[in-house]
Amino acid sequence: MRIATYNVNGVNGRLPVLLRWLAETAPDVVCLQELKAPDEKFPEAAIRDAGYGAIWHGQKSWNGVAILAKGCDPVETRRGLPGDPDDSHSRYIEAAVGGVLVGGLYLPNGNPRPGPKFDYKLRWFDRLIDHAATLIGMDAPVVIAGDYNVMPTDRDVYKPERWRDDALFAPEVKAAYFRMLGQGWTDALRTLHPDETIYTFWDYFRNAYARNAGLRIDHLLLNAPAAKTLRAAEVDSYVRGWEKTSDHAPVWVELGT
DNA sequence: ATGCCTTTTAGGAAAAGA
């Protein structure tokens with residue numbers, strides 16, 4: 001089973017790119033982030049015509065997450081993280097697909113730092129870690145995938161010194177990421193490619209993609225039953241080179257299940 | 001050092017993204 005995550009940066013503006021990528025690579029499960037569309041504007045028909053069932057949690061203008069499943073409907077198990085009933089952002093959705101529990105997330109950016117947006121990022125990350133603690137020990141494979149908005153190490157940034165004060169590279173945020181890994185999650189991409197330069201995001205400007213001035217911020221975290229069957233993990237970097245493309249590229253894992 | 005692009009909403013300009 002191939003499970004992917006893709007921050008599309010506007011699901012309607014990006015629909016041709018998304019449909020082309022689905023047709024060319026046929027992933028079994030896809031977590032989407034930054035739909036930038038309310039629930040009623042989600043392109044359900046086009047995605048169904050492409051062969052995918054879907055659940056989504058939209059929001060006007062910003063945020064928004066979805067889970068697609070090839071040839072079936074994801075069975076929703078949760079939308080939104082527990083721990084803050086006043087959180088109005090659509091940033092987490094979770095479903096069972098083919099015996100795998102899949103969480104799709106869009107972690108807050110957190111800039112500028114310091115400030116209320118950064119505080120929100122840290123609180124949101126804490127809530128994610130609390131929820132992840134309830135999933136890590138499941139007997140079934142669990143994959144928590146999405147845009148974590150954190151580069152875990154210097155190796156995940158084209159120029160680390162330029163990002164020292166940024167909310168995506170702040171010590172508190174990296175610490176939260178490693179606290180989550182400490183529960184027993186496997187960072188699939190880094191585990192299979194320990195020494196490679198791998199990015200999942202490139203700015204639209206400064207010719208960032210052509211210069212490979214990127215960041216690795218989209219991650220797939222696997223619990224032990226999922227990690228045991230991990231066969232491959234890759235970035236579909238070439239999609240970043242398409243016309244009218246997102247600033248993120250799709251990232252995926254292949255599990256033996 | 002910098003949102004230098006891009007999307008969204010809205011019908012011009014501004015917010016947000018990373």
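A note on names: the letters A, B, ... follow the listed sequences, proteins ahead of strands, and every chain is numbered from 1.
- Note: CZ (A:Phe118) to P (B:dG17) measures 14 Å, nearest angstrom.
- Contact annotation for A:Asp147: backbone-only contact, meaning every heavy-atom pair under 4.0 Å involves sugar-phosphate atoms and none involves a base.
- Nucleotides B:dA14 and B:dA1 place their P atoms 28 Å apart, quoted to the nearest Å.
- A gap of 13 Å separates the C1' atoms of B:dA15 and B:dA10, to the nearest Å.
- Residue A:Val75 shares its hydrophobic cluster (ILVMFWY side chains chained together at separations under 4.5 Å) with no other residue.
- Shown are A:Leu107, A:Val173, A:Leu168; of these, the side-chain contact (heavy atoms from CB on, under 4.5 Å) with A:Val150 is made only by A:Val173.
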Starting at the 5' end of nucleotides 5-10 of chain B, put B wherever the base has a protein heavy atom under 4.0 Å, S where only the sugar-phosphate does, and a dash everywhere else. BSBSSS
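- Backbone-only contact: A:Asn7 has heavy atoms under 4.0 Å from sugar-phosphate atoms and none from a base.
- One atom, OH of A:Tyr106, and another, P of B:dA16, lie 12 Å apart when rounded to the nearest Å.
- If you measure from atom CH2 of A:Trp163 to atom P of B:dG17, you get 13 Å, rounded to the nearest angstrom.
- Aromatic pair A:Tyr92/A:His57: centroids not less than 6.0 angstrom apart.
- Looking at heavy-atom distances under 4.0 Å, A:Asp203 makes contact with a base.
- Across all strands, A:Tyr209 comes closer than 4.0 Å to no nucleic acid atom at all (heavy-atom distances).
- When the P atom of B:dA16 is taken as reference, atom CD of A:Gln59 falls 12 Å away, rounded to whole Å.
- For A:Tyr209 and A:Trp202, the distance between ring centers is under 6.0 angstrom.
- Rounded to whole Å, the C1' atom of B:dT7 lies 16 Å from the corresponding atom of B:dG12.
- B:dG17 atom P lies 19 Å from atom OH of A:Tyr148, rounded to whole Å.
- You'll find the ring centres of A:His89 and A:Tyr106 outside the 6.0 Å limit.
- For the P atom pair drawn from B:dT6 and B:dG11, the interatomic distance equals 24 Å after rounding to whole Å.
- Put simply, NZ on A:Lys117 is 9 Å from C1' on B:dG17, counting in whole angstrom units.
- If you take CG of A:Leu168 and C1' of B:dA16, they are 13 Å apart, rounded to a whole angstrom.
- Across the protein-nucleic acid pair, A:Asp166 atom CG and B:dA1 atom C1' stand 13 Å apart, rounded to whole Å.
- The list of side-chain hydrogen bond (donor to acceptor under 3.5 Å, both in side chains) pairs with a residue in residues 237-247 of chain A, not counting sequence neighbours, is empty.
- Within the cation-pi definition used here (under 6.0 Å to the ring centroid, within 45° of the axis), A:Arg216 does not qualify as a partner of A:Tyr199.
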